[in-house]
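Input: a single structure, listed below in structure tokens.
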Amino acid sequence: MPYSCRGNAWLCLKIVSMRTAYTLKPNDQILAEDKHKALFEELVKKFKVEYHAGGATQNSIKVAQWMIQKPHNVGTFFGCIGKDKFGDILKQKAEEAHIDAHYYEQEEEPTGTCAACITGDNRSLVANLAAANCYKKEKHLDLEENWELVEKAKVFYIAGFFLTVSVESILKVAKHASETNKLFCLNLSAPFICQFFKDNLMKVFPYVDVLFGNETEAAAFAKEQDFETKDIKEIAKKAQALPKVNTKRQRVVVLTQGKDVTVMAQGDKVETFPVVKIDPKDIVDTNGAGDAFVGGFLSGLVQEKSLDQCVKAGHYSANVIIKRAGCTFPEKPDFK
């Protein structure tokens, strides 16, 4: 049962200290500004850097495929890269992960990078979108051979970060999903998406069947939507009840809270699910935990498992990923 993912693709550079000179906040995600450009050069020169193929959506599809194992190439990924060595690495890593990646390759910008600054169990992400910001609907999504892949997919997942790049691409896929009664999933991705890209987000929101987010993103969304509550359960309930185009499906809202319970709203019901317990000493890197949760959840969704099982799969995936550097995992899962 194939599913399709669209989003930003980049290479992740991991360092083990946070520079206050760049005014980075713990557990935050921001787009690189001019003042951050030097960060990427500095971390390579001064720190031991690890390179991981990443991008929020690509991480999730990679984890979903790992959870499913076989058949291979269950997921198709669309994104944009540069014609450079990092782009070659991403293509190689996608193939190794058994992902059917179809990149729009261009020469205007290099492959995007993301600095993941790790301090203890906190992480701060600074994304230099570069090529990831150059995706063009008419030059890739609209091509007959690519749109055929969209038509074959049954579940769609897009990270909110892509709202900053090509909302017209998202809307084309979202409308197709709604018209054909397929599942369309979206992630809030970061507080700044809810704040500064609110208009684009709300253009897409009526098509969302499954919404993902964490507690800080949910708080930002609630504030922008004038929900007048900080209660995570109420936020989930109110987001679930917002207008929806495809009335054949009730929206599902899934909000994670790190080590605290995950909240899921569906219909008039709001449920909580405890996460898998972990000794703080075993936490290596929380970067990618949210992506891994979504990947686990999607693996259950495409196999038509219950939503409870989807959450359980998400918790398992996130628990595995935070014990390792980057969004990486052992050869096979032992999830049951």
Side-chain angles (χ1 to χ4, degrees), residues 3-10 27-31 54-64 75 77-79 114 123 125 127 129 132 135 155-167 169-171 173-174 177 183-198 200-222 224-225 232 235-236 239-240 242 251-258 262-265 286-302 307 310-311 313-315 317-318 321 327:
Y3 64 102
S4 182
C5 298
R6 271 147 202 83
N8 301 338
W10 54 54
N27 293 323
D28 197 12
Q29 310 98 332
I30 63 172
L31 295 179
T57 307
Q58 196 161 219
N59 281 340
S60 294
I61 188 174
K62 185 169 63 173
V63 170
F77 176 81
F78 287 179
C114 178
R123 62 96 178 97
L125 306 181
L129 294 180
Y135 189 87
V155 177
F156 301 93
Y157 171 69
I158 301 177
F161 294 119
F162 200 52
L163 289 163
T164 72
V165 179
S166 181
V167 68
S169 294
I170 301 177
L171 284 170
V173 173
L183 275 168
F184 180 77
C185 311
L186 185 77
N187 202 317
L188 293 175
S189 292
F192 77 84
I193 297 295
C194 305
Q195 297 162 341
F196 305 118
F197 294 89
K198 177 182 175 179
N200 284 355
L201 173 60
M202 298 319 293
K203 286 177 184 176
V204 174
F205 206 87
Y207 300 96
V208 176
D209 295 307
V210 182
L211 179 72
F212 297 101
N214 64 28
E215 71 275 29
T216 56
E217 295 152 7
F221 183 77
E224 293 298 321
Q225 298 300 315
I232 196 78
I235 293 172
Q240 189 276 334
L242 288 173
R251 179 180 293 124
V252 177
V253 176
V254 185
L255 302 177
T256 59
Q257 303 184 91
T262 293
V263 174
M264 182 170 69
T286 57
N287 181 42
D291 301 337
F293 174 85
V294 171
F297 193 100
L298 290 174
S299 73
L301 205 58
V302 299
L307 290 175
C310 291
V311 173
H315 284 163
S317 299
I321 265 64
C327 191

Can you list the residues that meet the ring-ring contact (aromatic ring centres under 6.0 Å, His included) rule with F197, with sequence neighbours excluded? none
If we only count heavy atoms from C-beta on, is the M264 to L307 side-chain gap below 4.5 Å? yes
For F162 together with Y135, are the ring centres under 6.0 Å from each other? yes
Between OG1 on residue T57 and CG on residue D291, distance to nearest 0.5 Å: 7.5 Å
Are the side chains of T262 and V254 in contact, using a 4.5 Å heavy-atom criterion? yes
side-chain hydrogen bond (donor to acceptor under 3.5 Å, both in side chains) partners of T216, counting only residues at least two apart: N214
According to salt bridge (charged side-chain N to carboxylate O under 4.0 Å, His left out), who are the partners of D209, at least two apart in sequence or on a separate chain? K244
What residues form a side chain to side chain contact (heavy atoms under 4.5 Å, CB included) with N187, not counting sequence neighbours? Y157, S189, F212, E217, V294
Hits for side-chain hydrogen bond (donor to acceptor under 3.5 Å, both in side chains) against T256, two or more places apart or cross-chain, chain-then-number order -> none
Hey, are the side chains of F297 and V302 touching, using non-hydrogen atoms and a 4.5 Å cut-off? no
Tell me if a side-chain donor or acceptor on R251 pairs with a main-chain N or O of V208 at a distance below 3.5 Å. yes
K198 (side chain) donor-acceptor with E224 (main chain) under 3.5 angstrom: yes
Going by heavy atoms in the side chains, are C185 and V155 under 4.5 Å from each other? yes
Closest approach of S317 to A292 (non-hydrogen atoms, all atoms of both residues): CB-O, 3.2 Å
Specify the closest pair of heavy atoms between A218 and I235, including all atoms of both residues, with the distance to one decimal. O-CG2, 3.7 Å
Can a donor-acceptor pair be found, under 3.5 Å and without considering hydrogens, that links the side chain of N200 to the backbone of L163? yes
Got a sec, which residues hit ring-ring contact (aromatic ring centres under 6.0 Å, His included) with F221, two or more places apart in sequence or on another chain? F205, F227
Which pair of heavy atoms, one from L201 and one from C194, lies closest together, and at what distance? CD2-CA, 4.2 Å
